[in-house]
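Only one structure is covered here, and it is reproduced in the block below.
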Number of protein chains: 2
Amino acid sequence: MRPRRTRVLELAILGHLEESPMHGYELRKRLNSELGAFRAFSYGSLYPCLKEMLRLDLVSGSPQEGAAGWRSRIVYQLTSEGRERLRALLSESTPAATDDECFGVHFTLFGRTRTEVRMRILRGRRHRLLERLDFLRERVARATERGDPYIYELHRHRVESVEREVDWLEDLIKQERRRAENAGVADANISGSAPPLRGDPSATDQQM
Amino acid sequence: MRPRRTRVLELAILGHLEESPMHGYELRKRLNSELGAFRAFSYGSLYPCLKEMLRLDLVSGSPQEGAAGWRSRIVYQLTSEGRERLRALLSESTPAATDDECFGVHFTLFGRTRTEVRMRILRGRRHRLLERLDFLRERVARATERGDPYIYELHRHRVESVEREVDWLEDLIKQERRRAENAGVADANISGSAPPLRGDPSATDQQM
DNA sequence: GTTAGCATGTAAGGAGTTACATGATTTT
DNA sequence: AAAATCATGTAACTCCTTACATGCTAAC
């Protein structure tokens, strides 16, 4: 049997199990409600992945016989190795974390991440989008030459859409920076309660 | 050997070969410059797909010995079956055509599509996005309850981004409608030159 | 003369989905 | 009593990518 384990899914599972132990079915519901719209994980990927993570001692699974004669639903829990792995994945500066998919999962876990990690990921994402913009702008230029109005229109819309995501990221980066300044260096704990976002809509036009 | 053929890639290939015969390498460059940023097809998927399409007589491939001692590059060309297949794929009302990926490919071919087909695809895409909006808005609501500001922020941004795509689509639909009215029923030919888009930026706020 | 680009392909692998099998439990 | 939902799992399949093998030609 081929080892079924992937970066995204593994990260998502570790992140959610850190919050509280859960069985697979529950886990899937949570994942799909938070990740939303893109990538709805199916049992066919979730269960094999959990199994593999069991094998690697990243999680421990205890069959719960509690509720009268269930098909012993298995409640998964992070092991200390799992916790370590989660930390490692979150702090990793792999460019993969700025993928469309992976970025979303990372973002979902921002509530339990240190400011500097959030910062790195936000910047990394912005960088990737700026690269994509370069690419797309060239496409727009080429479409203008070719004279196909639909292809032009498509790329123009994509450029706009990526530009907006960049703006969004820059706002977030600004907020992170302000927060880091206000808090000093002391509060770099991973489990600190997530501070409010979008708190001050007036002061958004100062420079980065 | 497993048959290597997919909807998206097949459609893209047929669409581009209709414009003019090409060899694989060239084809790939074109695909990647027009589809852009998302989905950059690799040779590993392109060549096997072409091979399969050869087997099905959707395309015919003639090795070109012309340019002094080339590794006989194969120029692919649509057969009549291929042309038929392209028509069928373009007119198909499968909901798959409104996928993120597939929609892009269809849009790329709008220059060679009839108005009614464009209309159907645009509407279908809009419908799919509205469904996604419902889903995402529920997520935003739930994130508000839960009180995780990052998850809230993520979904809020996604909602905004989908809303904007809907706006874009509605603009396009309006334009298509105007064009259809101006042209009457007579010009429903597939190879008509693509008319200009975004012609009248003033009249955008009339109702659908 | 070596790098870069043109050109065609194959094998293996990665990351997931769909469809199925199975059964218990709660709701209607 | 039927239907929905909870719950776990497997096998097969999809669709694409990476890495490799091969060799030619043009540019620097």
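Below, chains carry the letters A, B, ... as their sequence lines are ordered, and counting in each starts from 1. Just so you know, these numbers use all the heavy atoms, side chains as well, and skip hydrogens, waters and symmetry mates. All values reported here derive from a predicted model rather than from experimental measurement.
As a whole-Å value, the separation of A:Phe41 CZ from C:dT18 P is 13 Å. One interatomic measurement links the two molecules: CG of B:Leu50 to P of C:dG9, which rounds to 8 Å at whole-angstrom precision. Residue B:Leu31 contributes atom CG, which lies 16 Å from atom C1' of D:dT17 at whole-angstrom precision. Between the C1' atom of D:dC16 and the CZ atom of B:Arg7 lies a distance of 17 Å, rounded to the nearest Å. The interatomic distance linking B:Leu11 (CG) with D:dC16 (P) rounds to 12 Å, in whole Å. Taking atom CE of B:Met22 as the reference point, atom P of C:dA7 lies 12 Å away to the nearest angstrom. In this structure, CD1 of A:Ile13 is placed 13 Å from C1' of C:dG16, rounded to the nearest angstrom. Atom CG of B:Leu9 and atom C1' of D:dT17 are 13 Å apart (whole Å).
Minimum atom distance to the side chain of A:Tyr25 is reached by D:dC6, of the listed D:dT10, D:dT18, D:dC6. Nearest nucleotide to the side chain of B:Ser42, out of C:dT17, D:dT8, D:dT18: D:dT18. Counting only heavy atoms from C-beta on, B:Arg73 has its side chain closest to C:dC6 among C:dC6, C:dG9, D:dG9. Among the nucleotides C:dT17, D:dC6, D:dG9, the one closest to any side-chain atom of A:Tyr76 is D:dG9. Taking the side chain of B:Lys51 as heavy atoms from C-beta on, and the options D:dA7, C:dT8, C:dG9, the nearest nucleotide is C:dG9. Nearest nucleotide to the B:Ile74 side chain, out of C:dT8, C:dT17, D:dT18: C:dT8. In this structure, the nucleotide among C:dG16, D:dT5, D:dC16 sitting nearest to the side chain of A:Val8 is C:dG16.
With sequence neighbours excluded, no residue forms a salt bridge (Lys or Arg N to Asp or Glu O under 4.0 Å) with A:Glu131. Checked against salt bridge (Lys or Arg N to Asp or Glu O under 4.0 Å), B:Arg30 has the following partners two or more places apart in sequence or in another chain: B:Glu26.
Within the structure, a side-chain polar atom (N or O) of B:Ser45 is placed less than 4.0 Å from OP1 or OP2 of D:dT17. Checking the phosphate oxygens (OP1, OP2) of C:dT8, a side-chain nitrogen or oxygen of B:Tyr47 falls inside 4.0 Å.
Among the atoms of the strands shown, only primed sugar atoms or phosphate atoms (P, OP1, OP2) are found under 4.0 Å from some heavy atom of A:Thr6. Among the heavy atoms of the strands lying under 4.0 Å from B:Gly44 is at least one base atom, whether or not backbone atoms are also near.
Residues B:Pro48 and B:Glu26 both approach DNA chain C. Their nearest nucleotides, taken by heavy-atom distance, put B:Glu26 toward the 5′ side.
At least one donor-acceptor pair closer than 3.5 Å links the side chain of A:Thr144 to the backbone N or O of A:Val140.
For the pair B:Arg73 and B:Tyr25, the cation does not sit on the ring face, since its NZ or CZ is not both under 6.0 Å from the ring centre and inside 45° of the axis. Judged by the 6.0 Å and 45° rule, B:Arg137 forms no cation-pi pair with B:Phe135.
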